[in-house]
Amino acid sequence: MARVRYGARTEAEIAAARAAGAKLPDIWSTGVVAVWETDPDAVAAVLPPPLKPTERPLVRANISTVDLPGYPLGAGSVAVAAAHGDQRGWYPLVMPMTHERALIGGREVFGEPKKLGEVTVERDGLVVRASLARHGIAFVEVRGAVSGPLPLPEPAEKVDFYFKFLPAVDGAGSGFDTDPVLVHCTRHERVRKLEKVTGDVVLRESMYDPVADLPVRKLVELTLGEKTTDQQGRVAERVSARDLLPYIHQRYDDPQQILDGPPEGSVR
């Protein structure tokens, strides 16, 4: 009988897949990073407990493309500066990805708020344009021109905060199958090229990705660079389901799908 592909894999096949994943080469991306100051109250409003605002109300947009052989990838994020105890980091609100493969692992393993979307990074001479779009709306767009090279930063360690959870099967009780967890994802970043961009950040209204609620009050940083990162995650603590429930709409375009549960007699 021909092999049934949905059947169980052997221990050797599982071990080989793990080994292949552990030996990935450096993957370099080209992207724009924009950092701006916004309204302190807006940052405080989007942070689920136990995350708290930092001293400076910063928003960071990353818009990158990765030229993988036969598999070009666009990846982006919009995050706000946050703190968990003494740990400073970033809390991403949305992370558009152009392919399902990049989306699934991040959501299921780390709890990243990834969604399928369109990611564009274009350079024509000195002119740069980058954008994040979903549902036909470019809700973040960076426009500008390269104004010169910047010194390469030393390798750096950066932390992102994620909440990993599963909505309750029956939609009742706390709203979750088990207590959610707060994940610290540590990224080790190396940069091989960095240029300053003179330009601006445009935020457009979107009911699905309302980052326009975090307006640009002061542009702090705008760069174009090439970098590579690796990441490791750990569960920092279990968090209150009651505290997190009011924020889970951040993860979904239509939160009713999980808050209401499936209709009686529906096909699954």
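Quantities reported herein were computed from a predicted structural model and do not represent experimental measurements. Along the sequence shown, residues are numbered consecutively beginning with 1.
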What residues, two or more places apart in sequence or in another chain, satisfy side-chain contact (heavy atoms from CB on, under 4.5 Å) together with P49? D243, Y247
Quick test of your reading of the model: are R134 and D209 salt-bridged, counting only N-O distances below 4.0 Å? yes
Heavy-atom nearest pair, V239 first then V181, reads CG2-N, 4.4 Å
Can you tell me if K164 uses its side chain to pair, donor with acceptor, with the backbone of E108 under 3.5 Å? yes
With a 4.5 Å heavy-atom cut-off, do R107 and R251 have their side chains touching? yes
What heavy-atom pair brings S64 and G31 nearest, and what distance separates the two atoms? OG-CA, 3.6 Å
Are the side chain of R5 and the backbone N or O of G7 linked by a donor-acceptor pair below 3.5 Å? no
What residue pairs, at least two apart or across chains, pass side chain to side chain donor-acceptor pair (under 3.5 Å) with a residue in residues 73-82? none
Flag, side chain of R143 to backbone of V202, donor-acceptor distance under 3.5 Å: no
Are the side chains of V142 and V128 in contact, using a 4.5 Å heavy-atom criterion? no
E13 vs R3, test: salt bridge (charged side-chain N to carboxylate O under 4.0 Å, His left out). Steps then yes/no. CA-CA 14 Å; E13 288 172 323; R3 180 173 185 181; 2.7 Å; yes
Are E237 and P50 packed together at the side-chain level, in the sense that at least one heavy-atom pair is separated by less than 4.5 angstrom? yes
Quick one: CG on L214 to OG1 on T38, what's the gap to the nearest 0.5 Å? 5.0 Å
Applying ring pair (Phe, Tyr, Trp, His ring centres under 6.0 Å), which residue pairs with at least one partner in residues 96-154 are found, sequence neighbours left out? Y71-H99, H135-Y208
Compare every heavy atom of E100 with every heavy atom of L116, then report the nearest pair and how far apart it is. CD2-N, 3.7 Å
In terms of hydrophobic clustering (I, L, V, M, F, W, Y; side-chain heavy atoms under 4.5 Å; direct or indirect links), are M95 and L51 co-clustered? no
Please name all residues satisfying ring-ring contact (aromatic ring centres under 6.0 Å, His included) with H184, sequence neighbours left out, ordered by chain then number. H84, F161
Determine, step by step, whether V59 and V78 satisfy the side-chain contact (heavy atoms from CB on, under 4.5 Å) criterion, reporting the C-alpha distance in whole Å, the side-chain angles of both residues, the deciding distance to 0.1 Å, and the verdict. CA-CA 7 Å; V59 185; V78 179; 3.9 Å; yes
Quick one: name the residues clustered hydrophobically with V220, using the 4.5 Å side-chain heavy-atom rule over I, L, V, M, F, W, Y, and just say none if it's on its own. V33, V35, L58, W90
Linking I/L/V/M/F/W/Y whenever any side-chain heavy atoms sit under 4.5 Å apart, do V32 and V119 land together? yes
Report the distance from atom CG of D200 to atom CD of E141, rounding to the nearest 0.5 Å. 8.5 Å
On a heavy-atom basis, which atom in L222 and which in A34 lie closest, and how many Å separate them? CD1-CB, 3.6 Å
Nearest 0.5 Å please: distance from the OG1 atom of T98 over to the CG atom of L73. 4.5 Å
Hydrophobic cluster identity match, L182 and Y91, side-chain contacts under 4.5 Å: yes
Could you tell me whether K114 and E112 have a side-chain N and a carboxylate O separated by less than 4.0 Å? yes
Measure across V121 and I63 and return the closest heavy-atom pair with its distance rounded to 0.1 Å. CG2-O, 3.4 Å
Measuring only between side-chain heavy atoms, which start at C-beta, is T30 closer than 4.5 Å to L224? yes
Sequence neighbours excluded, the answer for side chain to side chain donor-acceptor pair (under 3.5 Å) partners of Q232 is none
Got a second to check how far D230's CG is from R190's CZ, nearest 0.5 Å? 8.0 Å
Residue pairs involving residues 39-65 (criterion ring pair (Phe, Tyr, Trp, His ring centres under 6.0 Å); sequence neighbours excluded): none
Rounded to the nearest 0.5 Å, what's the gap from CD1 on I137 to CE on M207? Could you check? 9.0 Å
Tell me, do E118 and P96 make a side-chain contact under 4.5 Å, heavy atoms counted? no
Should side-chain heavy atoms under 4.5 Å link Ile, Leu, Val, Met, Phe, Trp and Tyr, which residues sit in the same cluster as V191? L150, L152, L194
According to a 4.5 Å side-chain heavy-atom criterion applied to Ile, Leu, Val, Met, Phe, Trp and Tyr, with indirect links allowed, do L132 and V46 form part of one hydrophobic cluster? yes
Whether the side chain of R187 engages the backbone of K158 through a donor-acceptor N/O pair (distance < 3.5 Å, no angle test) should be reported. no
For T198, check side chain to side chain donor-acceptor pair (under 3.5 Å) against everything at least two apart and list the hits. S147
Kindly say whether I27 contributes a backbone atom to a donor-acceptor pair with the side chain of T228 at under 3.5 angstrom? yes
Under the rule for side chain to side chain donor-acceptor pair (under 3.5 Å), what residues qualify as partners of K115, not counting sequence neighbours? D253
Given 3.5 Å as the limit, does a donor-acceptor pair link the side chain of W36 with the main chain of A61, or not? no
With rounding to the nearest 0.5 Å, note down the distance linking CZ in F165 to CG in D179. 13.0 Å
Identify, with sequence neighbours excluded, every residue that meets side-chain contact (heavy atoms from CB on, under 4.5 Å) alongside D213. P210
Report yes if some heavy atom in the side chain of E157 is under 4.5 Å from a heavy atom in the side chain of T186; otherwise report no. yes
Give a yes or no on this: more than 12 heavy atoms of other residues, nucleotides or ligands lie within 6.0 Å of atom CZ of R9. no
Given the rule that I, L, V, M, F, W and Y join up when any side-chain heavy atoms are under 4.5 Å apart, are Y162 and Y252 in one cluster? no
Closest contact, heavy atoms only, G175 versus L245: CA-CD1, 4.3 Å
Within residues 30-39 or reaching into it, pairs that qualify as salt bridge (Lys or Arg N to Asp or Glu O under 4.0 Å) - sequence neighbours excluded: E37-R56, D39-R217
